[in-house]
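Below, read A as the first sequence line, B as the second, and so on, with proteins coming before strands; counting in each chain starts at 1.
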Amino acid sequence: MLNFIEELKWRGMLHQSMPGVEEVLSAGKCVGYIGFDPTAPSLTIGNYVQLMLLSMFQRAGHQPIVLMGGATGRIGDPSGKDKERELKSYEELDANLAFQVEQMKKFLNFETGDNRALLVNNYDFYKDMNVLDFLRNVGKTLTVNYMQSKDSVKKRINVEEGGEGMSFTEFSYQLLQGYDFQCLYDRYNCIIQMGGSDQWGNITSGTEFIRRNVGGKAYAITTPLLTKYDGTKFGKSEQGNIWLDPKMTSPYRFYQFWINSADADLPKYFRYFSMKSREEIEALEAEYAGNPNQLKKILAEELTRRIHSDEDFESAFEVTSIVFAKGDRSMLEKIRPAQFEEIAESIGIRLSRQILSEGVGIVQLLAAEGAQVFSSNSEARKAIINNAVSLNKSKVNNHELMVTAADLIHDRYMFIENGKTKKIVLDFS
RNA sequence: GGGAGUGUACCAGAGUGGCCAAAUGGGGCAGACUGUAACUCUGCUGGGAAACCUUCGGUGGUUCGAAUCCAUCCGCUCCCA
């Protein structure tokens with residue numbers, strides 16, 4: 001069985017922890033939780049780090065609780081945000097929450113064992129509470145002074161340093177999160193809260209709640225904020241966030257995200273995301289020390305298989321090998337129609353055949369509504385003039401080129417590349 | 001309630017009557033080099049083939065001409081009460 005803290009340490013996933021956690025954890029089964037606010041209809045690859053944490057916690061024999069922020073999501077966590085946030089509608093939040101819960105089920109064991117994961121919604125803690133109860137039972141716990149001393153609050157309040165101010169609503173967020181912890185402590189004997197390092201302040205508010213209101217002892221553990229080697233935010237690609245929902249980020253794009261990651265980030269990513277053991281990971285790193293691309297492939301494969309499926313990986317892998325192969329139009333012609341269909345499924349965009357009937361300018365085609373390759377004619381033209389665009393594996397060097405049905409592969413597809421990594425199949429079905 | 005500021009493109013931020021589609025930096029995209037990496041260098045970064053059109057919080061004015069002046073409204077911040 002895993003030693004939870006040891007595991008976190010060698011993976012570089014331990015940022016801060018309260019003294020005494022190690023002893024408590026090694027003394028036997030503990031209950032711990034991580035909160036997730038339903039701010040989006042899918043979890044992101046960033047949330048996945050927290051799921052890994054819960055998963056390791058579970059594999060170490062402890063019991064994880066997923067706390068869904070039905071209530072806290074309605075408020076908005078100010079941590080790590082330099083601006084007040086737009087509130088989301090209740091409908092949207094409820095829908096998001098349902099989607100995210102579905103995704104969770106894939107990564108934690110909610111079904112069997114005496115340490116099976118529990119799912120709790122903090123809306124249940126508040127739905128029957130009125131304002132006076134809140135002020136007397138929750139608000140009374142912490143002083144404003146204490147709450148103000150938290151980093152996330154200080155940054156926003158200190159105007160000399162560019163703080164933008166903060167509404168009372170967001171200021172109260174830490175009260176909710178603190179009270180959450182207390183409720184879980186009461187109901188499930190939950191004594192550990194985990195989270196990203198930006199959550200430290202909120203988590204320690206929770207341990208204060210438990211100490212003051214029920215005289216208990218609870219602990220905090222945080223992971224370092226995962227960043228890219230250049231210090232920028234992890235988990236965004238050119239096209240935006242990397243979601244776990246295949247409808248929002250296709251398995252192909254998910255696979256490509258890892259293949260495209262920087263060499264310098266790889267060791268860190270491997271330790272954060274791979275379920276492989278320490279021995280396996282260290283062996284792989286030694287074996288492929290001079291070949292980071294191979295390591296990227298191994299990690300990309302593992303994650304695509306786990307987060308999506310074996311079939312999704314096979315498909316993403318195959319599409320990648322075809323689409324990135326060197327060659328010319330004749331090579332595209334050799335691809336079987338059935339296989340082309342699979343490629344189109346990953347990176348295809350459907351267009352009406354009609355626009356080809358009389359021939360269409362390459363610029364107009366690529367900027368066409370629905371083609372989504374470029375957002376305007378001039379953008380498309382500039383890209384072509386910059387030598388960035390290929391049609392059926394050959395560079396387009398004339399922005400007035402007319403495209404006709406003769407340019408179709410298998411009388412149906414066109415293969416467009418913008419730059420080296422952006423590949424699109426136009427599907428004139 | 002009183003007072004002082006402030007609002008410019010993805011972000012930061014200059015511009016204070018024409019030379020402004022708007023400096024500069026960051027970010028983004030692309031090209032060269034490579035390995036679908038990084039570094040470096042180069043180009044592009046509102047729309048339009050162009051004439052020209054739309055943009056500097058909103059509206060309405062002044063003017064031959066407004067991001068720039070005036071009025072008014074809205075948002076944000078700070079100080080006093």
Engineer: Between R306(A) and D312(A), is the closest basic N to carboxylate O distance under 4.0 Å?
Structural biologist: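 Not counted as a salt bridge, because no side-chain N and carboxylate O are separated by less than 4.0 Å.
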Engineer: For the side-chain hydrogen bond (donor to acceptor under 3.5 Å, both in side chains) test, which of T249(A), T304(A), T320(A) pairs with Q256(A)?
Structural biologist: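 Exactly one option meets the side-chain hydrogen bond (donor to acceptor under 3.5 Å, both in side chains) with Q256(A), and it is T320(A).
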Engineer: Checking base pairs now: Watson-Crick or wobble, both atom distances under 3.5 Å. What partners rA50(B)?
Structural biologist: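 Base partner found: none.
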Engineer: For rA21(B), which nucleotide is its Watson-Crick or G-U wobble mate, given both distances must be under 3.5 Å?
Structural biologist: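 None - no nucleotide pairs with rA21(B), as no candidate has both distances under 3.5 Å.
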Engineer: Whole angstrom is fine here: how far is it from CZ in F257(A) over to C1' in rU36(B)?
Structural biologist: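 So the CZ-C1' distance, F257(A) to rU36(B), works out to 14 Å.
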Engineer: Going by an N to O cut-off under 4.0 Å, is there a salt bridge joining E301(A) and K297(A)?
Structural biologist: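 K297(A) and E301(A): not salt-bridged.
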Engineer: Let me know the distance between CD of E379(A) and C1' of rG47(B), rounded to the nearest Å.
Structural biologist: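 The distance from CD of E379(A) to C1' of rG47(B) comes to 11 Å, rounded to the nearest Å.
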Engineer: Kindly say if S376(A) contacts the phosphate of rG46(B), meaning a side-chain N or O under 4.0 Å from OP1 or OP2.
Structural biologist: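 No, no such contact exists.
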Engineer: Does D124(A) come within less than 4.0 Å of K127(A), counting only side-chain N to carboxylate O?
Structural biologist: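 Salt bridge between D124(A) and K127(A), a charged N being under 4.0 Å from a carboxylate O: yes.
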Engineer: Could you tell me whether Q256(A) contacts a base, only the sugar-phosphate backbone, or nothing, with contacts defined as non-hydrogen atoms closer than 4.0 Å?
Structural biologist: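 The answer is base, as Q256(A) lies within the cut-off (heavy atoms under 4.0 Å) of a base atom.
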Engineer: Starting at the 5' end of RNA chain B and moving along, which residue's nearest nucleotide shows up first, D263(A) or V363(A)?
Structural biologist: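 On the 5' side of the pair lies D263(A).
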Engineer: How many Å lie between CD1 on I259(A) and C1' on rA37(B), as a whole number?
Structural biologist: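 Result: 11 Å.
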Engineer: Under 6.0 Å between the ring centres of Y179(A) and F134(A)?
Structural biologist: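 No, they do not, as the ring centres are separated by 6.0 Å or more.
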Engineer: Quick test of your reading of the model: are D427(A) and R353(A) salt-bridged, counting only N-O distances below 4.0 Å?
Structural biologist: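 Between R353(A) and D427(A) there is no salt bridge, as every charged N stays at least 4.0 Å from the carboxylate O atoms.
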Engineer: Starting at CG of N291(A) and ending at P of rU36(B), how long is that distance when rounded to a whole Å?
Structural biologist: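 After rounding, the gap between these two atoms is 12 Å.
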Engineer: Please report the distance, rounded to the nearest Å, between NZ in K422(A) and P in rU36(B).
Structural biologist: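 After rounding, the reported distance stands at 16 Å.
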Engineer: When you measure from the side chain of S378(A), which nucleotide among rG48(B), rU45(B), rA37(B) comes out closest?
Structural biologist: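 The answer is rG48(B).
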Engineer: Would you confirm whether the ring centroid of F313(A) sits within less than 6.0 angstrom of the ring centroid of H308(A)?
Structural biologist: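 H308(A) vs F313(A): aromatic centres not under 6.0 Å.
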Engineer: State plainly whether the residues K382(A) and E379(A) are in salt-bridge range, i.e. N to O under 4.0 Å.
Structural biologist: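 Judged by the 4.0 Å cut-off on N to carboxylate O distance, K382(A) and E379(A) do not form a salt bridge.
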Engineer: Under a 4.0 Å N-O cut-off, is there an ion pair linking R305(A) with E302(A)?
Structural biologist: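 No, this pair does not count.
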Engineer: Assign A262(A) to base, sugar-phosphate, or nothing according to its heavy-atom contacts below 4.0 angstrom with the strands shown.
Structural biologist: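 Sugar-phosphate only.
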Engineer: Could you identify the nucleotide paired to rU72(B), looking across every strand shown and requiring Watson-Crick or G-U wobble geometry with both distances under 3.5 Å?
Structural biologist: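 When the pairing criteria are applied, rG58(B) turns out to be the nucleotide that pairs with rU72(B).
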Engineer: Using the P atoms only, state how far rU72(B) lies from rU54(B), rounded to an integer number of Å.
Structural biologist: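 Going atom to atom, P in each nucleotide, I get 28 Å.
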Engineer: Salt-bridged, D328(A) to K393(A), with N to O below 4.0 Å?
Structural biologist: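 No, this pair does not count.
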Engineer: Let's test this: given Watson-Crick or G-U wobble pairing with both distances under 3.5 Å, identify the partner of rC41(B).
Structural biologist: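 Because both required distances fall under 3.5 Å, rC41(B) counts as paired with rG31(B).
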Engineer: Just the rounded figure in Å: distance from P of rG48(B) to CD of Q364(A).
Structural biologist: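 Roughly 10 Å, once rounded to whole Å.
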Engineer: Would the base of rG47(B) count as contacting N377(A) through its side chain, where contact means a donor and an acceptor less than 3.5 Å apart?
Structural biologist: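 Answer is no: no donor-acceptor pair is held.
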Engineer: Give the residues of residues 294-316 of chain A touching RNA chain B, defined as any heavy atom closer than 4.0 Å, sorted by residue number.
Structural biologist: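 By residue number: K296(A).
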Engineer: Take atom CZ of R381(A) and atom C1' of rG48(B), then tell me their distance rounded to the nearest Å.
Structural biologist: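 It is 8 Å, rounded to the nearest whole Å.
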Engineer: Nearest whole Å is fine: how far is rA37(B) C1' from K268(A) NZ?
Structural biologist: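 In whole Å, rA37(B) C1' lies 16 Å from K268(A) NZ.
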Engineer: Hey, can you pull the residues of residues 386-394 of chain A with a non-hydrogen atom under 4.0 angstrom from RNA chain B?
Structural biologist: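 Result for residues 386-394 of chain A: N386(A), N387(A), A388(A), sorted by number.
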